[in-house]
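Working notes, structure below.
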Amino acid sequence: MKRYVLWFISVLPLVFVVSCRPAAQPMPRDNRIPQSSPPFTAQGITHDTQERDLPQLADGPESTEREAHPVSNYILQRRYPRILYLNAGTKSNQVALTWDDGPDRRFTARILDVLKKHKVKGTFFLMGARAKALPDITRRIEREGHAIGNHTFWHPNLTKGNLDNMRWQVNETEKVLQGTVGHRSHLFRAPYGNLNEELVKELGRMNYRVIGWSVDSLDWRQLPADEVERNVLGNVHPGSIVLFHSGGNWNQDLSGGVQALDQIITKLKKDGMQFVTIPEMFNIPR
Ligand SMILES: [Zn+2]
């Protein structure tokens, strides 16, 4: 009898642990939040618990996953010129301003305000999970005439996963876009810009244009406005696709990029540059 009691006591905790495991998700939702980081309070933007509740980038902020050799995308682009676009060539004076990782509650609306003031249209590559959580700001992007692209549902590093996972991320985001703004997107941008041949070919088969960039504002490094401005104006060329972020991890401060935008647009307009969306730049039908 004593042996049975002992056996029961040793097995009971195991039964409890197994029964407390969460139900399986259709795809892994890695929504971890760095609890050790201090709350974000820079630039007078108060951090609140709501920001932590917003779906986070599955594989973390840009700095954790960004590949140090983006030249590989140029080689892919030469191989798949009808699928992958990094710029428009230098013949026209067009520039496409693009934003990733939104929508969010802190930066997206401020960016939209600046674009409205200058009557400039841009392209927003949205995370499905965030568009689902914030349908109002998603609809505002659409209503104000900007183009919307697919930036996966949870923002994983796709080169670490398989094609099934990529298709799920893309299709789940399209369901949200369809339900929120009433149409799907044919534009795709890879989280962290990380691509390989298999992904590009499959995205082409899925009828996407995969959009990279030729100028990185480096706003994701949380730089002050004057540095973001220098990064853009010092590298911009006719036919540029410029990368910014309209959202980040909950503790990332992207104010520098938002504050730089007004000057960047003003100066490029003086140079005679014309601002277009990605579909306008490449004649992509909606
Ligand atoms: Zn991203």
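Read the numbers this way: they start at 1 and go in the same order the structure lists the ligands and their atoms.
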For the NZ atom on K116, are there more than 12 heavy atoms of other groups (residues, nucleotides or ligands in this structure) within a distance under 6.0 Å? no
Heavy-atom donor-acceptor pair, T98 side chain to V242 backbone, under 3.5 Å: yes
Calculate, to the nearest 0.5 Å, the distance between atoms CD and CG belonging to E144 and L115 respectively. 8.5 Å
What N/O/S atom of H151 gets nearest to the Zn ion (ligand 1)? NE2
Taking backbone and side chain together, does D101 place any N/O/S atom at a distance below 2.8 Å from the Zn ion (ligand 1)? yes
Please state whether the separation between the Zn ion (ligand 1) and some N/O/S atom of H245 is under 2.8 Å? no
Between E142 and R139 (salt bridge meaning N to carboxylate O under 4.0 Å), is one present in this structure? no
